[in-house]
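Read the structure below first, then the notes.
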Amino acid sequence: ELAQRMTERAVDVVKFMMKQGQMMKPGDLIDADTAELIAEEFGHTVKRVSESDVEEGIFNIEDKPEDLKGRPPVVTIMGHVDHGKTSLLDAIRNANVVSGEAGGITQHIGAYQVEKDGQRVTFLDTPGHAAFTAMRARGAQATDIAILVVAADDSVMPQTIESINHIKAAGVPMIVAINKIDKPDADASKVRTELLQHEVFVESMGGETQDVEVSALKGTNLDGLLDAILLQAEILELKANPDRTAEGVVVEAKLDKGRGAVATVLVQAGTLRTGDIVVAGDEWGKVRAIISDRGDQLAEAEPSLPVEILGLNGTPQAGDKVAVVDSEARAREISEYRQRKAREIAVARQAGARGSLEQMMAAAQASETAEFPLVIKGDVQGSVEAILGALEKLGTDEVQARIVHSGAGGITETDVSLAESTGAAIMGFNVRANKQARTLAEQSGVEIRYYNIIYNLLDDVKAAMEGLLSPER
Ligand code: GDP
């Protein structure tokens with residue numbers, strides 16, 4: 001492609017690279033710096049097109065305060081497996097259908113909207129933190145409020161703690177839903193006390209986090225939960241300008257046999273209309289139809305409304321940004337730029353250019369209050385706590401370890417995606433990463449280090465903190 005753009009023969013480019021000591025064949029990927037060097041050697045002038053050149057005036061448009069109007073909150077439900085996330089999502093949906101739409105057939109499009117006392121709330125209905133972190137890792141912040149579900153008969157469990165860490169890392173306000181309150185062995189106060197240990201201070205314990213007792217099974221106090229959400233939303237003063245070209249985020253996407261590429265898009269600003277030309281990640285298309293979570297065809301979609309759109313020429317990924325552009329040419333230009341960019345990132349990752357301790361240190365040095373994000377996994381809770389205690393003591397006024405997540409057990413995909421979204425390295429003490437986690441870490445360039453002596457682990461962190469990293473062990 002580079003040869004073509006320079007109107008040179010590919011063999012000449014390959015030959016030139018060979019002279020530089022790089023064995024390549026046509027079709028191999030090269031990074032931007034190398035491409036620039038080659039192009040200049042061949043007598044061309046290089047102009048680097050940046051993200052902002054291509055996307056100028058399309059994403060993150062500044063709105064005037066007077067154009068902003070209130071919009072519904074977008075809510076994600078998280079918590080331990082079997083604590084009732086799905087049941088709660090279903091119960092809320094069934095009890096609160098948007099008025100005038102009763103009798104419609106509910107569709108699972110990855111998100112839905114309900115109405116309570118004339119106020120709307122949007123739920124992302126892929127429960128669990130996998131979707132949440134995947135989105136965050138792509139730079140998409142779709143959630144305004146997180147609901148932490150804890151079953152009253154089971155209390156705080158490992159994934160409850162993971163969820164808390166994810167929510168805190170995202171800086172999203174939390175509401176605790178104490179579920180299964182109908183069960184004879186339900187103990188809501190135990191949940192509240194155990195949450196204290198993880199620095200979640202609920203209102204009834206004198207804290208600021210709202211807590212609501214519910215039963216998804218019996219439908220008890222779902223109104224109370226919605227009220228808590230609406231109250232939190234009021235505090236957040238969520239706003240968007242509906243009177244401009246639309247912007248949003250992909251919640252999920254699939255290829256449908258009959259309908260082609262179908263993407264669920266959460267509109268975050270502006271109003272999306274049929275006929276609009278949109279780019280979504282590195283795909284684009286003309287919006288042929290907009291379909292609600294009730295299966296209704298809509299002419300337009302306002303902020304915080306999740307809708308399915310048809311007409312894209314391929315399936316984007318969850319977390320991809322969506323925006324309306326003024327012409328097909330512009331859409332094509334952006335999608336081509338992004339595809340090229342994606343290839344470049346792939347090249348950089350092959351070279352292991354991201355997520356190393358050295359890089360983190362560089363990033364930490366660049367910021368004022370240096371923080372050193374880490375995920376710590378150990379074989380037993382005791383050793384994890386010993387490591388955490390020691391790490392805390394390592395911190396100085398200039399640099400502090402920030403523990404994004406810690407726990408006992410092997411290193412999993414969730415750990416890796418959390419590390420990716422927070423720019424952390426993972427340190428395993430007497431534990432290994434499973435295969436999926438290793439693959440994901442390779443793809444995302446997250447560094448995993450293994451230790452069986454605490455002292456070595458601390459030494460490495462200390463060295464990295466001092467900018468004097470010891471060579472890889
Ligand atoms: P998820 O894994 O968090 O999505 O949990 P599910 O929604 O699948 O629920 C797990 C199990 O708990 C199911 O068998 C539900 O029927 C049950 N369950 C969920 N909510 C309640 C509740 O409020 N009370 C009781 N008794 N059971 C519940």
Side-chain angles (χ1 to χ4, degrees), residues 74-97 106-114 116 121-136 142-143 145-168 170 172 174-192 194-195 198 200 202 204 209-229 251-252 264 293 306 318 405 407 409 412-415 417-418 436:
V74 179
V75 179
T76 298
I77 297 194
M78 296 204 258
H80 194 69
V81 65
D82 280 345
H83 278 196
K85 297 179 292 294
T86 316
S87 307
L88 202 53
L89 278 162
D90 289 347
I92 292 169
R93 183 172 199 182
N94 294 334
N96 299 274
V97 172
T106 54
Q107 313 274 320
H108 272 277
I109 66 168
Y112 66 76
Q113 200 172 65
V114 296
K116 166 138 200 303
V121 179
T122 300
F123 286 88
L124 297 180
D125 78 357
T126 9
H129 43 241
F132 184 76
T133 31
M135 286 238 212
R136 286 226 312 129
T143 302
I145 298 168
I147 308 287
L148 179 72
V149 179
V150 190
D153 61 338
D154 205 23
S155 202
V156 173
M157 295 303 274
Q159 287 162 17
T160 315
I161 300 166
E162 273 182 34
S163 301
I164 293 170
N165 293 333
H166 282 290
I167 296 168
K168 285 192 172 166
V172 169
M174 183 194 306
I175 295 172
V176 177
I178 303 176
N179 189 32
K180 306 201 186 183
I181 207 71
D182 59 291
K183 284 204 155 185
D185 54 345
D187 187 350
S189 52
K190 180 166 174 236
V191 174
R192 293 190 183 97
E194 287 192 4
L195 284 174
H198 302 282
V200 176
V202 298
S204 44
T209 305
Q210 296 190 76
D211 59 310
V212 186
E213 292 182 17
V214 295
S215 164
L217 191 73
K218 306 259 188 236
T220 314
N221 204 24
L222 301 179
D223 273 351
L225 180 58
L226 282 171
D227 285 338
I229 294 169
V251 175
E252 60 178 49
T264 297
D293 59 8
H405 176 58
T412 63
E413 271 180 291
T414 320
D415 297 324
S417 57
L418 183 57
Q436 295 89 323

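Numbers here simply count residues along the sequence, with the first being 1. Counting convention: from 1, in listed order, for ligands and their atoms alike.
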Regarding ligand 1, does [X] bring an N or O atom to under 3.5 Å of one of the ligand's N or O atoms?
| X | result |
| --- | --- |
| G84 | yes |
| K183 | no |
| A216 | yes |
| I181 | no |

Need the ligand 1 atom indices (1-based, order shown) with element for anything under 4.0 Å from a heavy-atom of [X].
| X | value |
| --- | --- |
| D82 | 1 (P), 2 (O), 3 (O), 5 (O), 10 (C), 12 (O) |
| H83 | 3 (O), 5 (O) |
| H80 | 3 (O) |
| K85 | 1 (P), 2 (O), 3 (O), 4 (O), 5 (O), 7 (O) |

Are [X] and [Y] linked by a side-chain donor-acceptor pair shorter than 3.5 Å?
| X | Y | answer |
| --- | --- | --- |
| T412 | D415 | yes |
| H83 | N179 | no |
| D187 | S155 | no |

* To do: Could you please spell out the steps behind the side-chain contact (heavy atoms from CB on, under 4.5 Å) verdict for V212 and I147?
  => CA-CA 10 Å; V212 186; I147 308 287; over 6 Å; no

* To do: Might you work through the side-chain contact (heavy atoms from CB on, under 4.5 Å) test for H108 and R93, ending with a clear yes or no?
  => CA-CA 11 Å; H108 272 277; R93 183 172 199 182; 4.3 Å; yes

* Asked: Run the side-chain contact (heavy atoms from CB on, under 4.5 Å) check on D211 and T209 step by step: do they pass?
  -> CA-CA 6 Å; D211 59 310; T209 305; over 6 Å; no

* **Among I92, I229, L225, D223, the one residue meeting side chain to side chain contact (heavy atoms under 4.5 Å, CB included) with K116** => D223

* **L217 and ligand 1 - part of the residue with a heavy-atom distance under 4.0 Å** => both

